[in-house]
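In what follows, chains are A, B, ... by sequence order, proteins preceding strands, each numbered from 1.
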Number of protein chains: 4
Amino acid sequence: MRDVMTNVTGPARVDQDRKAPGRPRSARADGAIVDAVLDLLSEGTTAEALSIEAVATRAGVGKATIYRRWPNKEALLVDAVASIKGGLPHVRGESVREDLLMMLRQVGRVDSTRASRITPGILAQLHHNSELQRCYQKMLEPRRELMRGVLRRGIERGELRPDIDVDVVMTMLVAPLVAQTLLHWNPNLEPSAMPERLVDAIWPAIAAP
Amino acid sequence: MRDVMTNVTGPARVDQDRKAPGRPRSARADGAIVDAVLDLLSEGTTAEALSIEAVATRAGVGKATIYRRWPNKEALLVDAVASIKGGLPHVRGESVREDLLMMLRQVGRVDSTRASRITPGILAQLHHNSELQRCYQKMLEPRRELMRGVLRRGIERGELRPDIDVDVVMTMLVAPLVAQTLLHWNPNLEPSAMPERLVDAIWPAIAAP
Amino acid sequence: MRDVMTNVTGPARVDQDRKAPGRPRSARADGAIVDAVLDLLSEGTTAEALSIEAVATRAGVGKATIYRRWPNKEALLVDAVASIKGGLPHVRGESVREDLLMMLRQVGRVDSTRASRITPGILAQLHHNSELQRCYQKMLEPRRELMRGVLRRGIERGELRPDIDVDVVMTMLVAPLVAQTLLHWNPNLEPSAMPERLVDAIWPAIAAP
Amino acid sequence: MRDVMTNVTGPARVDQDRKAPGRPRSARADGAIVDAVLDLLSEGTTAEALSIEAVATRAGVGKATIYRRWPNKEALLVDAVASIKGGLPHVRGESVREDLLMMLRQVGRVDSTRASRITPGILAQLHHNSELQRCYQKMLEPRRELMRGVLRRGIERGELRPDIDVDVVMTMLVAPLVAQTLLHWNPNLEPSAMPERLVDAIWPAIAAP
DNA sequence: TACTAAGCGAGACGGTACGTCGCGTCTTCTT
DNA sequence: AAGAAGACGCGACGTACCGTCTCGCTTAGTA
């Protein structure tokens with residue numbers, strides 16, 4: 001209904017199609033707020049140090065206008081991140097291997113954006129705040145579905161074994177990459193080389209014989 | 001279990017050998033403070049949300065006593081994480097599959113060790129603070145080495161293919177498990193069933209033909 | 001009981017006789033708003049603490065509907081107070097002492113009439129707002145006149161000394177009672193016993209010798 | 001123990017004589033806060049419009065430092081008023097009539113001070129806020145005791161009848177005066193003439209025959 | 001034994017940001 | 001054109017912690 005750039009979570013608005021009564025929320029404000037967040041972050045403010053007060057001032061907006069839309073700082077950050085993650089990657093669909101690599105490389109590319117400065121803080125909040133979790137899932141799901149489609153198509157076309165554990169394989173590809181890219185989990189592994197090494201490592205287990 | 005004297009930054013203490021005048025610092029306080037930090041983290045407090053005020057209260061210590069020893073919250077966190085020790089799982093060494101499952105199940109038993117309960121709170125700070133990162137790695141490394149040993153032994157005994165990408169395989173097993181257990185990354189995957197599904201999924205790619 | 005049409009400031013309505021175009025203002029709204037104000041005041045809300053937001057909600061009315069009629073909170077209060085009417089006590093007229101006691105006991109029965117429940121909330125505003133003061137006096141005057149009549153009748157009939165300071169005596173009877181009943185001015189004096197003690201205390205000074 | 005000028009309510013401090021632990025409250029802050037209140041009021045800020053935020057800024061003090069001492073705006077105002085009401089009136093003790101007049105004139109003189117702008121708002125709050133009431137009583141009691149003493153001395157010396165209802169008489173003198181001075185209760189009565197008229201009116205009832 | 005110096009707990013200090021509430025105005029759709 | 005609903009920018013509320021600063025009290029080593 002409303003769409004702040006590629007805003008995924010959006011205000012906690014009723015999912016009805018019929019118009020809500022009263023003055024509608026200002027799209028200008030939505031934009032100004034998210035922009036203010038990204039501005040401040042890109043000027044060196046830490047995600048953790050970012051204050052709603054500063055966002056409101058920068059956006060030329062009342063604090064209440066922010067709290068009307070997002071329940072807390074984290075949720076706002078999720079939206080801000082989502083808005084710069086941009087559209088879903090486009091897969092060519094000719095080769096499973098190629099499609100997987102393309103998608104994984106896109107995850108890795110997150111590092112080069114402002115998102116990497118924000119995401120870890122959100123990850124740590126995920127298991128404390130179920131509402132935030134819901135928002136985050138809502139952002140991830142389309143991406144997850146995309147990869148699921150690639151694997152399923154691979155099975156249908158005989159490229160992949162039909163008995164593979166699709167969701168587990170997906171997580172085995174993405175989770176290590178995220179852990180490396182955002183958290184530097186294992187210092188021995190260079191993030192940029194991860195997509196290939198991950199696909200190579202799992203390939204014998206999923207490729208059709 | 002804990003050992004503040006091996007801490008990394010340590011109290012800002014004079015490097016002289018001759019005794020300083022006045023009342024010496026209380027070792028009880030050192031311990032109580034670090035313990036309080038670990039307690040709070042293991043009770044779900046985020047590293048970011050951890051307040052010195054709460055640490056002081058929990059430790060039964062004045063705030064000044066903390067600031068006398070550590071210049072800021074981050075330094076205290078580093079020391080606290082550095083003090084985590086021990087608790088490695090014991091592997092039987094008879095079968096690679098069995099050993100992997102045992103280690104993964106230990107990761108999954110999030111509530112069993114304080115160390116693992118502390119992890120989620122720390123995650124968000126990891127990429128902000130390279131010193132903290134180093135300490136965290138120091139805690140992880142023995143566990144990593146243990147799993148590395150299991151895989152290498154499997155290769156030597158011919159159970160596993162000799163060309164597997166050891167570190168990547170390890171990360172592909174552990175990262176998804178951590179992502180599910182601590183962050184509920186993918187809501188479709190039940191954490192308790194993950195160890196088996198992960199090993200099953202990667203097995204055809206690592207088992208000797 | 002209430003009569004908004006006799007209000008003092010009245011809605012900021014055009015002074016033309018010819019019908020204004022568009023939808024006419026709702027009389028229901030006028031009434032509901034004033035009633036809401038009186039309800040809130042009688043429930044203990046201070047005039048100062050009374051919020052337009054609460055009035056609008058209670059009246060089931062939009063805020064704009066209030067601001068369309070009254071320029072600010074004070075004007076609304078004035079109108080609300082002005083709308084209070086009726087409920088004068090009935091005096092038997094056989095004995096001055098008895099009549100005074102009856103009237104004073106009525107003042108003490110704070111919860112019996114909405115008018116008296118409203119008084120404390122209004123008190124604080126009185127000296128800020130002369131318009132409000134005028135309205136309040138308009139409500140008090142009939143009650144004052146009633147008591148004045150009792151005293152004058154007492155003088156005429158020889159029950160009271162002819163030289164008493166009528167208005168001062170009245171205030172000496174009523175003000176202490178109000179101070180005790182509404183403000184608990186002196187914690188040593190039980191409000192319910194005040195009417196008798198007041199009349200007894202002044203009696204030797206006013207009774208005919 | 002502590003004494004902000006003539007501060008009556010003071011911080012809600014334990015009434016023990018033994019020192020409280022921790023850093024003691026700053027007397028400078030006490031003074032600066034009360035001064036800031038009086039400054040702002042005397043610059044035209046309404047009691048109702050006075051904001052703690054502004055007081056803190058003006059006093060060069062953190063908001064918490066104010067809230068540590070006073071539970072709310074009203075209590076702070078009571079103290080501020082008390083601090084300018086100054087010391088108790090000095091009675092000569094030669095004639096009851098003269099002493100009463102002197103004390104009543106002092107009440108009337110309140111009008112000329114900044115207190116009159118504050119007191120009515122406090123009066124209206126009295127019956128809502130028992131804590132405030134306690135504070136207010138604490139300020140009134142010495143004044144009440146003073147008048148009680150005058151009347152008792154009058155009885156002992158045979159100037160007054162021995163059977164008068166002391167507390168009621170006191171209230172009959174003070175309450176009307178306050179009602180006129182601060183609230184302009186009865187527009188027919190000129191405040192400045194009240195002391196004499198009040199004493200004259202009650203005198204025949206209390207003077208020894 | 002007394003003196004000196006630092007550490008100790010407690011908690012107040014001037015601040016910053018929080019998330020909430022109400023202001024008086026505005027914008028939407030409905031009557 | 002007025003109705004209700006409710007969002008808007010604004011500004012104060014009272015709370016929580018920050019990192020610093022007194023307090024009076026240990027608890028040592030030194031004189």
Side-chain angles (χ1 to χ4, degrees), chain A residues 11 18-26 28-29 49-57 59-73, chain B residues 11 18-26 28-29 49-57 59-69 71-73, chain C residues 19-26 28-29 49-57 59-69 71-73, chain D residues 11 18-26 28-29 32 49-57 59-69 71-73:
Chain A
R18 65 174 214 67
K19 248 307 176 67
R23 177 175 171 176
R25 301 222 173 128
S26 150
R28 262 188 75 271
L50 186 126
S51 84
I52 296 282
E53 214 122 294
V55 173
T57 302
V61 138
K63 275 200 290 178
T65 300
I66 299 181
Y67 284 110
R68 212 172 276 125
R69 292 165 160 73
W70 293 276
N72 50 55
K73 207 193 301 189
Chain B
R18 64 174 207 70
K19 260 300 178 52
R23 175 174 173 177
R25 294 206 179 147
S26 151
R28 262 189 73 270
L50 187 119
S51 82
I52 295 285
E53 212 117 307
V55 173
T57 302
V61 138
K63 279 200 289 176
T65 302
I66 298 180
Y67 282 110
R68 205 172 284 122
R69 290 163 161 75
N72 52 53
K73 204 196 305 191
Chain C
K19 261 296 180 53
R23 175 173 171 179
R25 292 205 181 149
S26 151
R28 262 190 72 270
L50 187 120
S51 81
I52 295 284
E53 213 118 306
V55 173
T57 302
V61 137
K63 279 199 290 177
T65 301
I66 298 180
Y67 282 108
R68 206 171 283 122
R69 290 163 161 75
N72 51 53
K73 206 195 303 190
Chain D
R18 64 175 212 69
K19 249 308 179 64
R23 176 173 173 177
R25 300 220 173 130
S26 150
R28 263 187 73 269
L50 186 124
S51 83
I52 295 282
E53 213 122 294
V55 173
T57 302
V61 137
K63 274 200 289 177
T65 300
I66 299 181
Y67 283 110
R68 212 172 276 125
R69 291 165 161 73
N72 51 55
K73 208 192 299 189

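- Atom OG in B:Ser26 sits 6.0 Å away from atom CZ in B:Arg69 (nearest 0.5 Å).
- Relative to the side chain of A:Thr65, the nucleotides F:dC8, E:dG9, E:dC13 differ in distance, and F:dC8 lies closest.
- Straight-line distance from the CZ atom of D:Arg25 to the P atom of E:dG14: 12 Å, rounded to whole Å.
- Side-chain proximity of B:Ile52 to F:dG19, E:dA17, E:dC13: nearest is F:dG19.
- Here F:dC17 presents its P atom at 10 Å from NZ of B:Lys63, a figure rounded to the nearest Å.
- Of the two residues near DNA chain E, A:Gly22 and A:Lys73, the one whose nearest nucleotide lies more 5' is A:Lys73.
- When heavy atoms are screened at a 4.0 angstrom cut-off, C:Ala64 is found touching base atoms of the nucleic acid.
- Proximity of B:Arg68 to the phosphate of E:dC8: a side-chain N or O atom is located under 4.0 Å from OP1 or OP2.
- Using a 4.5 Å heavy-atom threshold, the side chains of B:Asn72 and B:Tyr67 count as separate.
- The nucleotide whose nearest atom lies closest to any side-chain atom of A:Ser51 is, among E:dC23, E:dA5, E:dC18, E:dC18.
- Put simply, B:Arg69 has a side-chain N or O that comes within less than 4.0 Å of OP1 or OP2 on E:dC8.
- Considering every non-hydrogen atom in both D:Ala59 and D:Ala32, the closest pair reads CB-O, 3.5 Å.
- At the phosphate of F:dC8, neither OP1 nor OP2 sits under 4.0 Å from any side-chain N or O atom of A:Arg23.
- Separating the OH atom of D:Tyr67 from the C1' atom of E:dA12 is a distance of 18 Å, rounded to the nearest angstrom.
- In this structure, NZ in B:Lys63 is found 9.0 Å from CD1 in B:Ile52, a value given to the nearest 0.5 Å.
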